[in-house]
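Report on one structure; see the data block that follows.
Computed from a predicted model, the values in this text were never measured in an experiment.
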Amino acid sequence: MSYLLRGLAAAAVVTSFLFAQPALAPSASTAAVAADTLLSQGKPATASSIEGTGFEAAKAVDGSASTRWASVEAHDPEWIRVDLGATATISRVKLSWEAAYGKSYKIQTSADGSTGWTDVFSTTTGNGATDDLTVSGSGRYVRVYGTARGTAYGYSLFEFEVYGTTGGGTGDTTPPSTPGSLAATATTSSSVSLAWNASTDNVGVTGYVISRNGAEVATTSGTGTTYTDTGRTASTTYTYTVKARDAAGNTSGASNTVTATTQAGGGTGPAVPFGSHVIPYAAGMLTPTGSQATIDQKVIDYYQQWKSAFVKQNCGNGWYQIISPDADHPYVAEAQGYGMVITATMAGADPAAKTIFDGLVKYMLAHPSVNNADLLAAEQDTACKSVNGSDSATDGDMDVAYGLLMADRQWGSAGTYNYKQLAIKHINAIKASEINPNTNLLTFGDWSTSGDATYNMSRTSDWMVDHFRAFKAATGNSVWDTIRTKHQTVTASLQANYASTTGLLPDFVVNTNSTPKPAPGEVLEDPNDGQFWWNACRDPWRIGADAVTSGDSASLTAARKLNTWIKSKTGGNASSIATGYKLNGTAIDSSSDPAFFAPFAVTAMTDSGSQAWLDAIWNKMLSTPISTNSYYAASIQLQVMITASHNHWVP
């Protein structure tokens with residue numbers, strides 16, 4: 001039997017990542033700088049969490065010594081951030097602690113509030129009261145990042161004051177050097193990929209400004225030197241330049257001009273290039289606030305990080321694999337399925353998408369299940385040899401089949417691989433070996449047969465309703481409508497009878513041959529098998545993906561029930577989404593993990609009154625660094641970002 005390690009192991013990965021921050025020696029004194037201007041008072045403030053109503057982040061920058069921000073209790077790390085509204089030279093930070101103070105904390109600055117956090121002060125010996133710190137740095141955003149509490153409670157500040165100068169101050173006025181050797185590295189019928197040589201700066205480059213035909217169209221964050229301009233018109237010539245920008249807002253001269261012409265429509269480019277939005281969502285579905293080009297670029301940026309961390313060619317043979325350092329084996333079917341869907345989606349933004357996809361197909365074909373050779377063996381070791389029974393896992397197979405259908409739509413099936421034929425073989429194999437014919441519900445894999453104790457069990461995160469729709473369209477077999485409807489009916493029943501307040505689904509369902517109900521305890525992986533835990537965390541995304549693309553009433557109802565509860569439960573604070581819940585809404589673990597908070601962005605899209613809530617989750621995703629130790633969380637967040645940006649589509 002095949003499954004992944006979740007829970008404590010994954011939580012430990014996240015915890016170790018969050019604590020793996022560079023530490024600097026303290027460099028502050030308690031002397032105030034008389035000429036400084038208070039910049040933070042009344043400015044927008046956010047925090048990783050709040051203890052409850054009345055303790056919001058804004059209370060720490062309101063100028064009142066009688067109000068305060070307070071984080072949740074007994075949890076590290078926590079942070080509070082203020083947006084100064086413009087890049088400033090920071091010279092002083094004053095912290096007025098309540099009794100719940102930070103023993104170990106940092107003061108950090110950033111140009112955009114999501115990347116490039118720079119330490120300007122660090123201590124491990126804080127003792128509360130008032131810390132009046134002389135610092136030296138620049139940025140628009142300033143945060144206090146606490147890693148160890150001084151008490152058993154949380155972190156709490158009466159006032160968080162940032163002093164310095166903006167505009168005509170004496171800060172950095174030196175622009176970065178001009179980017180060099182701008183070149184168009186690839187084109188499709190709807191995109192142009194660019195690359196250039198990095199600029200240098202006396203302090204540091206924080207991003208690049210891309211101009212198309214003389215108008216600025218996008219700004220990147222960080223030091224990356226590539227950009228893909230999507231949504232272009234076929235057979236059209238465009239000109240580009242690039243400028244570098246630093247944290248103080250200084251901008252370099254323009255690079256050389258490069259001209260690129262997109263390919264003719266119907267040529268070798270993908271049919272549904274990323275960022276083209278040619279397949280619309282159902283009416284009324286929300287999008288994160290901001291320009292579509294900026295939103296799409298954020299997804300591309302995160303994809304590039306994901307690709308660098310997890311897309312590998314470790315075993316030769318022309319294979320590509322998605323590595324899974326946080327699973328129980330280095331390569332698992334779930335990861336390969338994610339990889340196929342993601343790379344097919346990103347065609348047009350990544351010129352190498354088809355090469356990677358074909359390498360994943362080659363790997364899939366070389367690792368058949370021992371029970372049904374048209375399915376993928378679930379687990380491989382470091383040598384890419386199938387192990388642990390060499391049988392299948394349903395979630396991986398569902399995504400493999402879906403990815404193959406996407407590839408057929410993107411590139412056609414006349415090349416090296418007949419994607420459509422392979423997809424139909426995989427779909428038919430899922431029906432034959434991973435559907436319980438008595439219940440029309442998915443089983444765990446082709447190893448779960450009528451003689452196995454798990455045969456009348458199912459995993460809710462496998463219930464990918466949009467995939468069932470695609471399978472029906474590809475095969476013409478109406479059984480997929482029956483299967484889709486059955487999964488939706490059981491979803492509604494579970495929400496009504498076991499989570500009437502929350503709408504949460506459990507990791508695993510038992511008694512599927514009679515009255516389906518949450519697992520009573522550990523049936524496959526964990527004592528929390530009957531709770532909203534490390535498998536079901538994907539359910540808001542999976543349910544929501546069908547709701548936003550199809551507008552189906554059953555999927556919309558299920559998604560909106562989840563959204564209404566989580567928005568109320570957290571008070572609209574995305575950082576308060578816990579790592580796991582009992583079905584009654586009691587948090588299992590108060591920590592924060594992308595695998596749990598990101599999926600709720602998709603359910604938020606279904607509610608016209610949840611724009612601010614959607615934006616909060618989107619910004620939480622953007623401000624959370626990718627963990628290269630957790631393919632699971634990173635892959636979920638990337639696919640949520642794809643869906644939230646209206647780039648998910650059903651073949």
Side-chain angles (χ1 to χ4, degrees), residues 277 279-289 398 402 440-442 458 460-473 480-506 509 516 532 536-570 572 574 577 581 583 585 596-618 636 639-651:
H277 305 283
I279 302 177
Y281 282 11
M285 299 300 117
L286 300 178
T287 308
T289 299
M398 290 282 288
Y402 193 83
N440 283 315
L441 293 174
L442 290 165
S458 192
T460 61
S461 55
D462 295 351
W463 301 356
M464 306 170 200
V465 174
D466 57 349
H467 289 35
F468 296 143
R469 294 186 194 279
F471 297 170
K472 162 65 186 307
W480 289 108
D481 285 337
T482 301
I483 292 168
R484 171 181 58 80
T485 301
K486 181 58 180 287
H487 285 85
Q488 291 179 297
T489 299
V490 176
T491 294
S493 175
L494 290 167
Q495 286 187 318
N497 296 318
Y498 298 98
S500 59
T501 301
T502 66
L504 296 170
L505 299 180
V509 177
F532 181 81
C537 61
R538 296 171 284 188
D539 290 347
W541 155 44
R542 293 300 196 185
I543 292 170
D546 185 65
V548 300
T549 54
S550 73
D552 179 86
S553 59
S555 292
L556 283 170
T557 297
R560 286 168 175 165
K561 189 174 185 68
L562 286 161
N563 180 64
T564 297
W565 170 74
I566 192 64
K567 183 168 67 168
S568 174
K569 174 73 174 180
T570 61
I577 298 175
Y581 291 95
L583 299 189
F596 285 85
F597 65 71
F600 283 109
V602 187
T603 54
M605 297 171 67
T606 67
D607 173 31
S608 61
S610 291
Q611 185 66 61
W613 174 229
L614 171 60
D615 290 344
I617 304 175
W618 178 258
I636 290 172
Q639 291 175 93
V640 166
M641 292 176 71
I642 288 169
T643 304
S645 64
H646 287 230
N647 282 293
H648 175 59
W649 48 276
V650 181

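Of all heavy-atom pairs spanning P516 and V509, the tightest one is CB-CG1, 3.6 Å. Counting all heavy atoms, side chain and backbone alike, A536 lies closest to L505 at CB-O, 3.4 Å. Between A282 and A547 the shortest heavy-atom distance is CB-O, 4.3 Å. Of all heavy-atom pairs spanning W613 and A604, the tightest one is CD1-CB, 3.7 Å. Here the closest heavy-atom approach between residue A470 and residue P651 is recorded as CB-O, 3.7 Å. When all heavy atoms are compared, the tightest approach of S610 to K567 is OG-NZ, 2.9 Å.
The CH2 atom of W463 lies 5.0 Å from the OG1 atom of T491; values are rounded to the nearest 0.5 Å. For the atom pair D615 CG and T289 OG1, the distance stands at 3.0 Å (nearest 0.5 Å). Taken from CG in D607 to CG in N563, the straight-line distance is 5.0 Å, to the nearest 0.5 Å. Atom-to-atom distance recorded for Q495:CD and L562:CG is 5.5 Å, nearest 0.5 angstrom. Annotation: the span from D462 atom CG to L441 atom CG amounts to 11.0 Å, rounded to 0.5 Å. Interatomic distance, OG of S555 versus NE2 of H487, reported as 12.5 Å (0.5 Å rounding).
N440 and T482 share no side-chain donor-acceptor pair at under 3.5 Å.
Proximity of a side-chain donor or acceptor of T570 to a complementary backbone N or O of I577 within less than 3.5 Å is not detected. With S458 contributing its side chain and L442 its backbone, the two residues share a donor-acceptor pair below 3.5 Å. Between the side chain of T606 and the main chain of T603, a donor-acceptor pair closer than 3.5 Å is present. For T485 (side chain) and D481 (main-chain N/O), a donor-acceptor pair under 3.5 Å exists by modelled atom type. Of the possible donor and acceptor atoms, none in the side chain of Q611 sits under 3.5 Å from a partner among the backbone N and O of M605. Judged by distance alone, the side chain of K561 and the main-chain N or O of L504 form no donor-acceptor pair under 3.5 Å. Judged by distance alone, with hydrogens and angles left aside, the side-chain atoms of N497 form a donor-acceptor pair with the main-chain N or O of S493 at under 3.5 Å. No donor-acceptor pair closer than 3.5 Å links the side chain of S568 to the backbone N or O of T564. Between the side chain of H646 and the main chain of Y281, no donor-acceptor pair closer than 3.5 Å is present. D466 contributes no side-chain N or O that, together with a main-chain N or O of V650, makes up a donor-acceptor pair within less than 3.5 Å.
For the side chain to side chain contact (heavy atoms under 4.5 Å, CB included) test with V602, the passing option among L614, T643, I543 is T643; the others fail. Remark: of the listed residues F596, W565, F600, W565 is the sole one forming a ring-ring contact (aromatic ring centres under 6.0 Å, His included) with Y581.
In this structure the side chain of Y402 never reaches within 4.5 angstrom of the side chain of M464, judged on heavy atoms. Side chains of F471 and I483 form no contact here, defined as non-hydrogen atoms less than 4.5 Å apart. For the pair V548 and H648, the minimum side-chain heavy-atom distance is 4.5 Å or more. Residues S461 and R542 have side chains not in contact (no heavy-atom distance under 4.5 Å, counting atoms from C-beta outward). With a 4.5 Å cut-off on side-chain heavy atoms, M641 and W618 count as touching. Side-chain contact between V640 and R538: absent, with no pair of heavy atoms (C-beta onward) separated by less than 4.5 Å.
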For this session: Could you check R484 against D546 for salt bridge (charged side-chain N to carboxylate O under 4.0 Å, His left out), going step by step and ending with a plain yes or no?
Result: CA-CA 11 Å; R484 171 181 58 80; D546 185 65; over 6 Å; no
